[in-house]
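One structure is given below, encoded as structure tokens.
Quick note: numbers below take in every heavy atom, side chains included, and nothing from hydrogens, waters or symmetry partners.
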Amino acid sequence: MSSAPQFLMCPPDHYGIEYEINPWMNRAVGTDPTRAQQQWWALHDALHALGARVERLAPVPGLPDLVFTANAGLIHHRIFVSSQFRHGVRQGETPHFDRWAHDHGFQVVTLPAGHYFEGAGDALFLGETLYGGYRFRSDAKSHLWIGHLLNVEALPLELVDPRFYHLDTCFCPIDLETAIYYPGAFDEYGRSVLKDRIPHLIAVSADEAVSFSCNAVVVGRTILLNDGAPKLAQALQASGYAVEPLPFSEFIKAGGSAKCLTLRLDGEEAAAWRLVPEVAGSAA
């Protein structure tokens with residue numbers, strides 16, 4: 001693969017609020033298609049400006065959330081662990097994501113029947129550990145199954161606030177020792193695990209968490225995030241990161257922001273495995 005950061009995105013040609021499966025969605029409010037296009041392309045162009053390569057998945061009528069490619073699956077080297085969506089309205093996305101992954105040289109792995117798992121929305125690497133969010137969309141048993149598959153430590157964390165229904169809405173690994181998180185999205189055990197395991201943990205305030213500030217995209221030392229989080233931006237800059245705020249108001253209406261709109265194909269900056277050459281024929 002190319003040494004440039006690589007992402008998968010899907011243009012929002014058919015994006016809209018056609019159903020309600022999380023507290024943010026409201027069909028009566030809807031979205032502005034023109035503004036959604038502008039915001040999507042702003043993120044796309046910002047990634048290009050940072051030297052990233054962006055692959056595009058063709059949008060499909062009737063699948064408005066296909067735009068949220070983070071939920072396609074989990075990538076580990078050339079393995080693509082396919083999502084198994086909890087809600088029927090999203091299950092039609094899986095064949096399109098799987099076909100794309102197969103056609104681009106990934107080994108597509110499907111979880112056993114009865115397991116729910118929503119990809120990089122609920123599974124994020126920090127160092128050698130896979131952190132998983134469960135309760136609303138994914139199952140803890142799915143994270144453990146994936147950990148065994150990939151031969152990595154998997155730590156399922158229970159999410160307790162339905163507004164933060166995916167892990168990537170309240171937790172974002174930045175590098176091998178740093179992450180941002182919203183404490184209120186986790187139970188006491190989850191908060192203690194994060195504090196014990198991550199050397200540099202940056203807490204996000206409740207008022208900025210609801211602007212999806214944790215749902216950020218990391219490219220090297222630059223962080224792309226929603227423009228409604230000035231306090232977090234200042235904290236990140238004080239820690240030596242460049243911050244690029246962008247508007248994502250139309251996607252927040254569906255419960256997503258920058259991270260939800262992207263799937264990193266070559267390994268997130270905080271994933272230790274991206275720094276280790278893949279061994280041929282190995283899942284590790």
Side-chain angles (χ1 to χ4, degrees), residues 8-37 39-40 43 56-75 80-102 108-124 132-143 145-146 158-170 185 210 212 215 248-263:
L8 177 66
M9 297 182 68
C10 177
D13 297 16
H14 304 293
Y15 167 67
I17 310 298
E18 298 182 10
Y19 41 75
E20 298 174 5
I21 58 173
N22 67 55
W24 304 94
M25 291 177 138
N26 185 339
R27 283 174 292 179
V29 173
T31 61
D32 182 327
T34 299
R35 187 173 296 168
Q37 287 280 351
Q39 293 177 355
W40 187 92
L43 174 60
R56 288 188 227 162
L57 177 73
V60 178
L63 297 177
D65 283 349
L66 196 68
V67 70
F68 296 123
T69 53
N71 304 143
L74 175 68
I75 287 177
F80 177 87
V81 184
S82 177
S83 289
Q84 292 189 175
F85 290 98
R86 185 174 295 274
H87 293 286
V89 290
R90 295 204 64 182
Q91 290 169 4
E93 299 173 29
T94 298
H96 299 279
F97 287 134
D98 288 359
R99 187 179 307 114
W100 186 94
H102 177 270
V108 178
V109 177
T110 301
L111 277 79
H115 287 60
Y116 292 114
F117 172 66
E118 301 204 357
D122 264 337
L124 298 166
Y134 74 91
R135 181 176 177 182
F136 300 112
R137 297 295 186 86
S138 299
D139 300 325
K141 64 181 180 180
S142 297
H143 299 308
W145 188 91
I146 293 168
E158 185 174 6
L159 305 177
V160 298
D161 186 331
R163 296 174 301 170
F164 304 96
Y165 57 94
H166 275 153
L167 182 65
D168 69 357
T169 66
C170 53
V210 294
F212 280 72
N215 197 248
F248 294 102
S249 59
E250 296 310 304
F251 299 102
I252 288 175
K253 292 176 180 179
S257 188
K259 179 66 169 62
C260 289
L261 294 168
T262 63
L263 178 66

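The shortest non-hydrogen separation linking Ala72 to Phe80 is O-CZ, 3.4 Å. The shortest non-hydrogen separation linking Pro162 to Pro23 is O-CD, 3.3 Å. The minimum heavy-atom distance linking Ser249 with Gln39 is given by the pair OG-NE2, 2.9 Å. Heavy-atom minimum distance, Asn215 versus Cys260: OD1-N, 3.0 Å. Taking each heavy atom of Val108 and Asp98 in turn, the nearest pair found is CG2-O, 3.8 Å. Residues Cys10 and Pro59 approach most closely at SG-CA, 3.7 Å, considering heavy atoms.
Here the CG-OG1 distance, from Leu57 to Thr69, works out to 8.0 Å after rounding to the nearest 0.5 Å. Going from atom NZ of Lys259 over to atom OG1 of Thr169 covers 11.0 Å, rounded to the nearest 0.5 Å. Going from atom CD of Gln91 over to atom CD of Glu93 covers 10.0 Å, rounded to the nearest 0.5 Å. Considering OG of Ser82 and NE2 of His102, their distance stands at 12.5 Å, rounded to 0.5 Å. Taken to the nearest 0.5 Å, the CG atom of Leu74 stands 10.5 Å off from the OG atom of Ser138. Put simply, CD on Glu18 and CZ on Arg27 are 10.0 Å apart, with the number rounded to the nearest 0.5 Å.
Side-chain atoms of Leu159 and Phe136, non-hydrogen and from C-beta on, do get closer than 4.5 Å to each other. In this structure, the side chains of His143 and Leu167 stay at 4.5 Å or more apart for every pair of heavy atoms. You'll find the side chain of Val160 reaches within 4.5 Å of the side chain of Arg135, heavy atoms only. The closest side-chain heavy-atom distance from Trp145 to Pro112 is below 4.5 Å. Residues Tyr19 and Pro64 are in side-chain contact: their nearest non-hydrogen atoms beyond the backbone lie under 4.5 Å apart. A 4.5 Å side-chain heavy-atom check between Val210 and Phe164 finds at least one atom pair inside the cut-off. Looking at Arg137 and Tyr116, their side chains never come closer than 4.5 Å, going by heavy atoms from C-beta outward.
Summarising the local packing, NE2 of His87 is surrounded by more than 12 heavy atoms from other residues, nucleotides or ligands at distances under 6.0 Å.
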Item to check | CA sep, side-chain torsions, deciding dist, call: Phe251, Tyr15, ring-ring contact (aromatic ring centres under 6.0 Å, His included) | outcome: CA-CA 9 Å; Phe251 299 102; Tyr15 167 67; 4.8 Å; yes

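Considering Leu263, Val67, Thr262 as possible partners of Met9, the one that fulfils the side-chain contact (heavy atoms from CB on, under 4.5 Å) test is Thr262. When Ile21, Asn26, Asn22 are each tested for a side-chain contact (heavy atoms from CB on, under 4.5 Å) with Trp24, only one passes: Asn22. Under the side-chain contact (heavy atoms from CB on, under 4.5 Å) rule, Phe117 has a single partner from Thr110, Asp139, Val81, which is Val81.
No donor-acceptor pair under 3.5 Å is formed between the side chain of Glu250 and the backbone N or O of Arg35.
For the residue pair Arg90/Asn71, the side-chain donor-acceptor check at 3.5 Å is satisfied.
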